[in-house]
Amino acid sequence: MAEHESLTIASGEGCWLKTVDGKRLFDGVSSLWCNLHGHRHPRLDAAIREQLDRVAHVTTLGMSCDTTQRFARVLVDRCPGTLNHAFFSSDGASSVEAAIKMSLQYWRQCERPRPSKTRYLALGRAYHGDTTGGVSLGGIDYFHDIFSPLLFKPVRGPLPCSFRLPAGVPSAGAAQHYASEIRKLLEQHHDSLAAIVIEPLVQGAAGMITHPVGFLRRVRELCDEFDVLLVCDEVATGFGRTGELFACEHEAVTPDILCLGKGITGGYLPMAATVATSRVFEAFLGYSHERRQFFHGHTYGGNPLAAAVALASLSLFDNPDTAGIRLLERVRIHSDHLIVRLHQLAQHPRVANVRGRGLMLAVELAPDQGTLQPLNPEYDLAQRVCRGCYQLGLWIRPLGNVLVLMPPLVATRDELDWMIDCVEESLAEVDAT
Ligand code: PMP
């Protein structure tokens, strides 16, 4: 706060925000990775207004609103496999917190109970939100170290980085290499492990670390072999960000528990969901005197206004644009184009690496090529490039020395090209000073 400079937004339209001083800014981080269809989308605005004319909020404890019920049904229909049961909360961290408790309780109440299963395996540099359970799973020292006296200790897995491999590991063998590290940990700890919790395909807060293709599938197979639940935290990757509705669909994986947040409402209102398979759900099914229920509840979980806009947001995925292209297809086309452009940018001497899946992209700046840098906020090149972009009208926020590019999914080709032009121009400017 000692160096805080106020940036106050007055309004938004499409992919653009306007400050109280009238400056237009392109929302290059989708208002913290959650905006999908742009700001003030007429269908999303209308969905909230219509719901407001009926009821703004009722609890989902002991009752629920028909809008919330409808959304739950539509959501689970879109989820892979038998992910048939949605538990609502208010933010991504809470969805993970619920998954942590759910998986532990599952092993106490499933057909063949395994009460020794009380621990979790989390990946290197994991990020699962800022509540105590999420921070316990978290592996980003800069964010998490100070809270260690409060935290439970997970079994720590590798950081399955696809672009900087350990010596002697060829690219084609990367997924296998990291999976074999997970296998070793499972051989040692499976009796005490309730779940493996992972961010599938891309670890966002770690600096957009992309996993090798095939890693998630192998983790799913290992979870089956060792009888450990798989929790996929798709708070960041969910709702089209990687080019499929859910990242786990790229590898035809159904997790036992799927955590969703951020884009669930198109980036309009706070809502999250922890979606469980029928197998998990059944372990909780019982009469109240059996006390099998999930003892966890949030006042605003399943809020009808949020559910109304979430329903409208999901329906927009089916709408072709003026060229007849549906949103997920459009994300994939734009992503391919942007990856080519980013590879051109990678020729710049200050750029160490470019990467991404879908519209979840990163430019890593180089203090030191070749080694994966810890997140280092003191290293201010990325801050300077972002400030330059701001001058040009592009709002982006770095993660340490990584420039994060996460535009709304509906951004046009011209807007996306302009975004990369801004980064290029700002880099050149920073270089010249
Ligand atoms: N999990 C992941 C993978 C995330 O990226 C985030 C937020 N960036 C969270 C959980 C926490 O979500 P929220 O900020 O809504 O609590």
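All residue numbers in this chain count up from 1 along the given sequence. Order of listing sets the numbers, starting from 1, for every ligand and every atom in it.
The nearest protein atom to atom 9 (C) of ligand 1, hydrogens excluded, is given as V235 CG1, 3.7 Å; this is a heavy-atom distance. Closest to atom 13 (P) of ligand 1 among all protein heavy atoms lies G92 N, 3.5 Å. In this structure, atom 4 (C) of ligand 1 lies nearest to the protein heavy atom Y127 CD2, 3.8 Å. Atom 5 (O) of ligand 1 has its closest protein heavy atom at A236 CB, 3.6 Å. Among protein heavy atoms, the minimum distance from atom 16 (O) of ligand 1 is reached at A93 N, 2.8 Å. Protein heavy atom closest to atom 14 (O) of ligand 1, with residue, atom name and distance, is K262 NZ, 4.6 Å.
Distances between N or O atoms of D233 and those of ligand 1 include at least one value under 3.5 Å. In terms of N/O distances under 3.5 Å, ligand 1 is not approached by G129. Considering backbone and side-chain N/O of H128, none are found under 3.5 Å from N/O of ligand 1.
Remark: the backbone N or O of R292 is paired with a side-chain donor or acceptor of Q109 at under 3.5 angstrom. D256 contributes a side-chain N or O that, together with a main-chain N or O of L230, makes up a donor-acceptor pair within less than 3.5 Å. The backbone N or O of V423 lies less than 3.5 Å from no partner atom in the side chain of S426, so there is not a single donor-acceptor pair. Side chain of K262 to main chain of L32: a donor-acceptor pair is present (N/O by atom type, distance under 3.5 Å, no hydrogens or angles). A donor-acceptor contact shorter than 3.5 Å is absent between the side chain of E199 and the backbone of D233.
Each of H37, E415, H39 was compared with C15 under the side-chain contact (heavy atoms from CB on, under 4.5 Å) criterion, and only E415 meets it.
At least one side-chain heavy atom of V197 sits under 4.5 Å from a side-chain heavy atom of H128.
Contact annotation for E234 and ligand 1: no heavy atom of the residue comes within less than 4.0 Å of the ligand.
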